[in-house]
Amino acid sequence: MTAVVTRFAPSPTGYLHIGGARTALFNWLYARHHGGRFRLRIEDTDRKRSTEEAISAILDGLAWLELDCDDEVVYQSTRAERHAEVAERLLAEGKAYRCYCTPEELAEMREHRMAAGYKTRYDRRWRDRDPSEAPAGVPPVIRFKAPMEGQSVVADLVQGEVRSDNDQFDDIVLLRSDGTPTYTLSVVVDDHDMGVTHVIRGADHLTNAFQHSFIFDALGWDTPAFAHLPLIHGADGARLSKRHGALSVGAYRDMGYLPEAMRNYLLRLGWSHGDDEIIPTEQAVAWFDLDAVGRAPARFDLDRLASLNGHYLRETADARLAALVAERYADAHGAAPDADALGLLERGMAGLKTRAKTIAELTDNATFYLAERPLVPTSKAAKLLHGDGAAVLACLAPTLAAIERWDAEALEAATRAHAEREGVKLGSVAQPLRAALTGTTVSPPIFEVMEVLGRGECLARIEDAGAAAT
RNA sequence: GUCCCCUUCGUCUAGAGGUCCAGGACACCACUCUUUCAAGGUGGAGACACGGGUUCGAUUCCCGUAGGGGACACCA
């Protein structure tokens, strides 16, 4: 039993999207679970569409998801020579041939054969033709001699045994007329050379797997095990596309999702372990295997991601959350919170984090800890302060100022006693207090907030509110 | 058009012939806790696409229909 080697092989034509991220995750998990290696190959084969930005977006995306890869990253474009060499070998062995058809000729053939109901697009006119008949000045492509009869089967670890009649496989191009390799040739050669044992990728490649198998066989190479994952669809069931909004993992990072939540979410899309829902990565590594991957495509559900994110948020250490909020706040306001402010955030985090689903929301809710006096209240909060609110606070202020031990417990006890003396409900005191201290009508428990904020700041904010109300 | 794959609550799924008048989670609705809002707790509504078989018995096996998805480039 050789050690497992998996690989993630994106083409750098855009950001790392949700589907790619899940493919990467499954490859990574499979490798980690089996104590194997997880490799990265950038499929930048010539293509004008491949860009440096896309490559770094993919690298960043994987780094954010904390899917570390082993060995060096392979750039497919650097391997064209080796690919061509393999094509030549196939040619020499009579397993491939030169085809001199022009693109126009092929387009016409395709159209005609399609209309006539043929199973293949290319009529194989050069397959058995004598090379001496080659037209002068036409650079040929090299085509693979696909089997024409019988049936083939791909033993897929997810899809099961998939069969197909051989009469519908075209003799695909291996090497273009300009000598560059096509995708089909490149994957096979690279997977072999990289020692890949398990090819885990999207189901959109299922049909290609037949062609890949043919080539592996023709070369006398061991065919890796295949596992084709069902695709991820948008919430409407249609294929994921631009109109579904954010597709890149970077966009989710920016929206304030945690990588561990994203991993957990993606993991449960198509894979399950009984009724388990919350599956931290360590547990996933221990449990993951391909036999529990389903075959039906799944829809992307933002609510589910948000819920999971809320869960992980609540489990995250306050210091890390405070740092993430500070970073976000700095991005939005241009100034990073100082050490004192960071301390406030960290101490306030316990009350804050049960009230947010994303870091973005958390940051919004935390701004009252970071804002400079005097606070600018929301309109609802201002309304509370302009009514009897100001008077209520003015009446309460001396009581608060006289408190000896400034903590939530003492503050609540004193305020409750005050409300009772005044014959009012606690709420009618607490709400104006909240408005004055946080500038909003919704916040963590107000006495907790007061403890974190400290005596001086609280009394000052109450005074500010009183001044603004007059 | 040809070939391949898929089909359990709105969504993700458990279920591998009787344990299922189908279980969990998210979302939703109540109630509860409560100084606000959350979180938490309790409860509720909600699905085996359809039609044939096979079987004493099908969500589970087979066939068909419908619907969805994928692949059919000198793209990857």
Side-chain angles (χ1 to χ4, degrees), chain A residues 9-13 43-47 49-50 76 99 101-103 106-107 110 114-122 139-143 154 156 158-160 162-165 167-170 172-178 180-184 186-187 202-210 228 230-231 233 235 237-239 265 268-278 294-308 310-311 314 351-357 365 384 412 415-416 419 425-431 433-435 438 440-447:
Chain A
S11 58
T13 55
E43 306 219 320
D44 56 349
T45 309
D46 92 328
R47 308 310 307 291
R49 299 199 326 228
S50 301
Q76 198 161 60
C99 164
C101 290
T102 62
L106 289 168
R110 190 177 309 138
M114 175 106 160
Y118 285 95
K119 297 192 174 185
T120 54
R121 302 305 171 76
Y122 173 60
V141 299
I142 292 180
R143 282 184 188 272
V154 166
D156 193 283
V158 169
Q159 307 289 336
V162 183
R163 294 161 197 291
S164 203
D165 290 332
D167 62 8
Q168 58 199 314
F169 295 112
D170 254 313
I172 53 138
V173 173
L174 260 19
L175 217 57
R176 303 188 183 95
S177 53
D178 65 359
T180 60
T182 60
Y183 161 78
T184 309
S186 303
V187 248
D204 49 340
H205 283 104
L206 184 55
T207 325
N208 294 334
F210 285 96
H228 290 91
L231 269 18
H233 292 166
R239 184 178 194 167
Y265 176 69
R268 285 288 289 99
L269 226 44
W271 179 86
S272 61
H273 184 271
D275 282 340
D276 295 302
E277 302 289 349
I278 303 294
R295 280 186 273 181
R299 300 184 186 202
F300 187 80
D301 179 9
L302 194 59
D303 281 338
R304 198 70 176 328
L305 209 211
S307 159
L308 243 11
H311 171 84
R314 275 171 257 136
L352 252 14
K353 65 182 176 183
T354 57
R355 270 157 263 262
K357 289 266 195 281
N365 296 346
L384 266 176
E412 176 164 356
T415 308
R416 276 188 191 279
K425 283 196 289 189
L426 182 58
S428 64
V429 180
Q431 274 306 88
L433 205 45
R434 189 185 318 279
T438 70
T440 67
T441 55
V442 174
S443 83
I446 197 60
F447 303 111

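Protein chains get the first letters and strands the later ones, always in sequence-line order, with residue 1 at the start of each.
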Pick base, sugar-phosphate or nothing for [X], based on heavy-atom distances below 4.0 Å to the nucleic acid.
{"X": "A:Gly270", "result": "sugar-phosphate"}
{"X": "A:His233", "result": "sugar-phosphate"}
{"X": "A:Leu231", "result": "sugar-phosphate"}
{"X": "A:Arg121", "result": "base"}
{"X": "A:Cys99", "result": "nothing"}
{"X": "A:Thr441", "result": "base"}
{"X": "A:Asn208", "result": "base"}
{"X": "A:Val141", "result": "base"}
{"X": "A:Ser164", "result": "sugar-phosphate"}
{"X": "A:Gly117", "result": "nothing"}

With both distances kept under 3.5 Å, what pairs with [N], Watson-Crick or G-U wobble?
{"N": "B:A47", "value": "none"}
{"N": "B:A30", "value": "B:U42"}
{"N": "B:U36", "value": "none"}
{"N": "B:A58", "value": "none"}
{"N": "B:G67", "value": "B:C6"}

Between [X] ([atom1]) and [N] ([atom2]), how many Å, whole number?
{"X": "A:Ile446", "N": "B:U34", "atom1": "CD1", "atom2": "P", "answer": "18 Å"}
{"X": "A:Glu277", "N": "B:U11", "atom1": "CD", "atom2": "P", "answer": "16 Å"}
{"X": "A:Arg295", "N": "B:A16", "atom1": "CZ", "atom2": "P", "answer": "16 Å"}
{"X": "A:Arg299", "N": "B:G67", "atom1": "CZ", "atom2": "C1'", "answer": "11 Å"}
{"X": "A:Leu433", "N": "B:U36", "atom1": "CG", "atom2": "C1'", "answer": "12 Å"}
{"X": "A:Arg416", "N": "B:U34", "atom1": "CZ", "atom2": "C1'", "answer": "9 Å"}
{"X": "A:Lys425", "N": "B:U34", "atom1": "NZ", "atom2": "P", "answer": "14 Å"}

Exercise. Can you tell which of B:U36, B:U2, B:A76 lies closest to the side chain of A:Gln76?
Worked result: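 Given the options B:U36, B:U2, B:A76, the side chain of A:Gln76 is closest to B:A76.
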Respond yes when some side-chain nitrogen or oxygen of [X] is under 4.0 Å from OP1 or OP2 of [N], and no when none is.
{"X": "A:Lys357", "N": "B:A39", "result": "yes"}
{"X": "A:Arg434", "N": "B:U35", "result": "no"}
{"X": "A:Arg239", "N": "B:G70", "result": "yes"}
{"X": "A:Arg268", "N": "B:C12", "result": "no"}

Problem set entry | Flag if over 12 foreign heavy atoms under 6.0 Å of OH, A:Tyr183 |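 Atom OH in A:Tyr183 is packed in, count exceeds 12.
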Problem set entry | Donor-acceptor contact below 3.5 Å, side chain A:Asn365 vs main chain A:Ser443 |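 No, the answer is negative, given that no donor and acceptor are paired below the 3.5 Å cut-off.
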Exercise. For A:Ser307 and A:Ser272, take the nucleotide of RNA chain B holding the closest heavy atom to each; which residue's nucleotide lies nearer the 5' end?
Worked result: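 Counting from the 5' end, the first nearest nucleotide belongs to A:Ser272.
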Exercise. Does A:Thr354 make a side-chain donor-acceptor contact with the base of B:A38, cut-off 3.5 Å?
Worked result: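 Indeed there is one.
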Exercise. Quick one: do A:Lys119 and A:Asp167 make a salt bridge, cutoff under 4.0 Å?
Worked result: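 Yes, A:Lys119 and A:Asp167 are salt-bridged.
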